[in-house]
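Below: one structure, written as C-alpha cells.
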Amino acid sequence: MNSALPKVCIIGAGPAGLAMARACVVMGLSYDQYDAHSDVGGLWDIKQQGSPMYDSAHFISSKTMSGFDGLPMPEQYPDYPSHQQILQYIHAFADQWQLRDKISFQTKVVDIEKLQDDSWQVKLSTGESKNYLAVVCATGSNWFPRLPKFAGEFSGEIRHSSTYRSPDEFKGKRVMVIGAGNSGVDIACDAATHADKAFLSVRRGYHFVPKHICGVPTDVFAASGPQLPLWMQRMVLGGLLRFYVGDITRLGLPKADHKLLESHPILNTQVLYYMQHGDLIAKPDVERLEGRSVLFKDGSREELDMILLATGYNQVQPYARDYFRYEGGRPNMYLQLFSREHKNLLAPSFIETNSGAFKLFDLMAFAIANHLNDQLQGKPQAKWLAEMIQRDEPDLTGGIDFVKSDRHAAYFDSKTWQNYLKKIYRTMGWTLPTEHPAVLQQAATTARSASLAHSG
C-alpha cells in the first residue's frame, strides 16, 4: 500500500467519529473523515435528515458521568442536558481539537471493499474511490428504524418514532405509543400533556428507575457509593425503587419479567406520574389492528388516530455490505469494537450497555489508534491483539443474565467491559486517554481558557 495515502478512513462525525479523529490526532495517524451531513453532531443534530431527536429529548446519563476525556460538560448545564446542549458540547469538542477542517461534509461513503492485501477501498458519493489501511464505522446505531408487523391494518396514522419531532403533532388526537424504551416513555409523556387521549402499549414488564436518588443523579449516586456485589446492588436498588416508585402493576403496567439490571434501564418515573393522574393509560401488547380500532391481548379495544412505534433500531450499515456478522440486528464483534472476520474493520459506535457512551468512545478510539499505530511500527503487540481478536471470548456480562432479546444480543456490562479493555491497554503498553500527555495538556489549556472567560 502506498505509504503516502491516509491510513484511516473515519465514517461519521458524531460523538464516536470525533473521538476517533481526536485519537488519530493525538497518535499522529493520518486520516480522512466523511459525514453525510453539513456539520458535526450526528444524530444529536435535530436538523439533520434522519435524526431521531425530538424537541423534549434529553441526555439519559448525567453530565457528571458523561463527556469526552479532557472536556467536562459545562458546570452550568443541568443534571440531564437537552439535545441542544449536547450538540453545543459536541461542537465545542470539535473546536477544541480543530477537527472540522479534516472532515468532508455532505459526502457519503456508499461502499467499502476489502482488497487482497487486507486494505480497504472506500467509494464516496462524489464518485471517488480511495484506499485505506483501516475503516472505522462511526455512523451510530439509531438511523434504521425497526418496524414490527401486526395482524390486520390500521386506517389512521402509523409511523416510527424516528419521524417524531414536536408534541404539537399530538394535538386533537387519540394517540398510542408502542414501546417502553427511554425514547418511548419520553414521547408518551409528551402525548400525555398534548393529546386528547394518550396510551402506552408495552409487551413486557420493566423496572422504572428515577433520574435522581437522594437529590443527585442516579448514576452519580451509584458511582459514589461502595462497589457492591451484584446481589447486594439488587437488594439496595430494589429497596430504593420500592420506596421511590412502589408497585407499578396498580397503574396497569405488567410486573417486570426479569431481575433488576438484567435489561437496559428505563430512567424515567415521570411516565408513572402521568399514569397516576390518568393522563396516560397503560395498555398491553397489540393483538390486531382493525381500521381505527386496536384490539389488545387482554381483550380490550381502543379507537385511535395515531400510533407511534418507539420500537428501536437496527444497527445495519448498508455501505459495509455483509462484512459485519449480525445478531439481533447488531454486529457481533470483539469487545463490540474489532471485527473478528475482517482485519481493520472497526466500529466504535454500535454499543449497547448500561452506562453513558461518550467516555467509552474515548477508550475505543484510543484502542483502535494504538493498535493501528502498532501495526504501522511493526510492534509485536499488533500480532498479540490480532490473535486475541480471533480467539479471545471474554465474559463481559459482569455476572448479569441479560434478557434474551435482540437489543441485548451483544449487550455488555459497562464496568466489566471497561476493566477488560483497560487490562488490554496495560498488556499492550498503551496509555489510557485520561493519562495521555496531549489530552491532559489540552484539558488544562481548556480549563484556563474557561476560567478566564468566566472571570471576564
Side-chain angles (χ1 to χ4, degrees), residues 8 10 12 14-29 31 42 59-73 89-90 93 96-97 99 134 136-141 219 223 227 330-331 333-340 344-375 381-382 384-386 388-389 392 394-398 410-440 442-443:
V8 186
I10 303 173
L18 293 174
M20 188 67 240
R22 191 260 294 265
C24 286
V25 170
V26 170
M27 297 297 299
L29 290 172
Y31 72 96
F59 221 39
I60 201 63
S61 56
S62 74
K63 68 174 182 185
T64 307
M65 303 300 293
S66 305
F68 298 108
D69 290 324
L71 186 67
M73 288 196 181
Y89 172 76
I90 293 170
F93 178 76
Q96 179 195 45
W97 288 90
L99 301 177
V136 180
C137 303
T139 38
S141 57
D219 54 4
Q227 298 306 301
R330 274 87 174 136
M333 301 172 290
Y334 180 59
L335 303 178
Q336 281 309 96
L337 178 56
F338 301 94
S339 167
R340 291 185 185 270
N344 292 339
L345 177 62
L346 310 134
S349 63
F350 307 148
I351 58 174
E352 292 281 6
T353 187
N354 48 11
S355 78
F358 280 35
K359 292 189 183 302
L360 306 191
F361 290 152
D362 279 328
L363 270 176
M364 288 178 153
F366 275 85
I368 291 171
N370 275 285
H371 181 48
L372 295 178
N373 192 52
D374 287 348
Q375 291 179 42
Q381 290 95 318
W384 301 346
L385 186 56
M388 291 180 70
I389 290 169
D392 191 25
D395 179 2
L396 302 176
T397 64
Y411 205 89
F412 57 80
D413 174 60
S414 178
K415 186 172 290 294
T416 304
W417 177 91
Q418 290 181 66
N419 288 339
Y420 199 86
L421 186 52
K422 287 177 181 178
K423 180 181 176 182
I424 290 176
Y425 268 79
R426 292 192 295 271
T427 300
M428 299 295 160
W430 301 339
T431 302
L432 288 168
T434 51
E435 299 171 352
H436 200 288
V439 175
L440 293 172
Q442 185 63 57

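The figures that follow rest on heavy atoms only: side chains count, while hydrogens, waters and symmetry mates do not. Not measured: the values here are computed from a predicted model.
Here the closest heavy-atom approach between residue Thr139 and residue Ser349 is recorded as N-OG, 3.5 Å. The shortest non-hydrogen separation linking Asp413 to Thr397 is CB-O, 3.4 Å. Between Tyr425 and Leu363, the shortest heavy-atom distance links the atoms OH-O, 2.7 Å. In terms of heavy-atom proximity, Pro72 sits nearest to Tyr89 at O-CE1, 3.8 Å. Heavy atoms only, all atoms of each residue included: Tyr420 and Leu335 are closest at CD2-CD2, 3.9 Å. Summarising the geometry of Ala138 relative to Pro348, their closest heavy-atom pair is CB-CG, 4.3 Å, with the distance given to 0.1 Å.
Phe59 and Phe358 have their aromatic ring centers within a separation under 6.0 angstrom.
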Exercise. Run the side chain to side chain contact (heavy atoms under 4.5 Å, CB included) check on Trp430 and Ile424 step by step: do they pass?
Worked result: CA-CA 8 Å; Trp430 301 339; Ile424 290 176; 4.2 Å; yes

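Using a 4.5 Å heavy-atom cutoff, the side chains of Leu71 and Gln442 are not in contact. Contact annotation: the side chain of Pro433 never approaches that of Val26 to less than 4.5 Å [non-hydrogen atoms, C-beta and beyond]. Glu352 has its side chain out of reach of Gln336: every pair of non-hydrogen atoms, C-beta onward, lies at least 4.5 Å apart. Proximity of Ile351 to Trp417: side-chain heavy atoms (C-beta onward) are nowhere separated by under 4.5 Å.
Proximity of a side-chain donor or acceptor of Asn373 to a complementary backbone N or O of Leu29 within less than 3.5 Å is not detected. Between the Ser61 side chain and the Ser66 main chain, no donor and acceptor come within less than 3.5 Å of each other.
Here CG of Leu385 is found 10.0 Å from CD of Gln381. Values are rounded to the nearest 0.5 Å. If you take CE on Met364 and CD on Gln418, they are separated by 10.0 Å, rounding to the nearest 0.5 Å. One finds the SG atom of Cys137 at 8.0 Å from the CG atom of Leu346 (value rounded to the nearest 0.5 Å). Residue Thr434 holds its OG1 atom at 9.5 Å from CZ of Phe366, rounded to the nearest 0.5 Å. Distance check: Asn344 CG to Ile368 CD1 gives 9.5 Å after rounding to the nearest 0.5 Å. Here the straight-line distance linking atom CE of Met333 with atom CZ of Phe350 works out to 7.0 Å at 0.5 Å rounding.
Partner of Phe68 under the side-chain contact (heavy atoms from CB on, under 4.5 Å) criterion, out of Met73, Arg22, Lys359: Arg22 alone.
Using modelled atom types and a 3.5 Å distance limit, the side chains of Asp219 and Ser62 yield a donor-acceptor pair.
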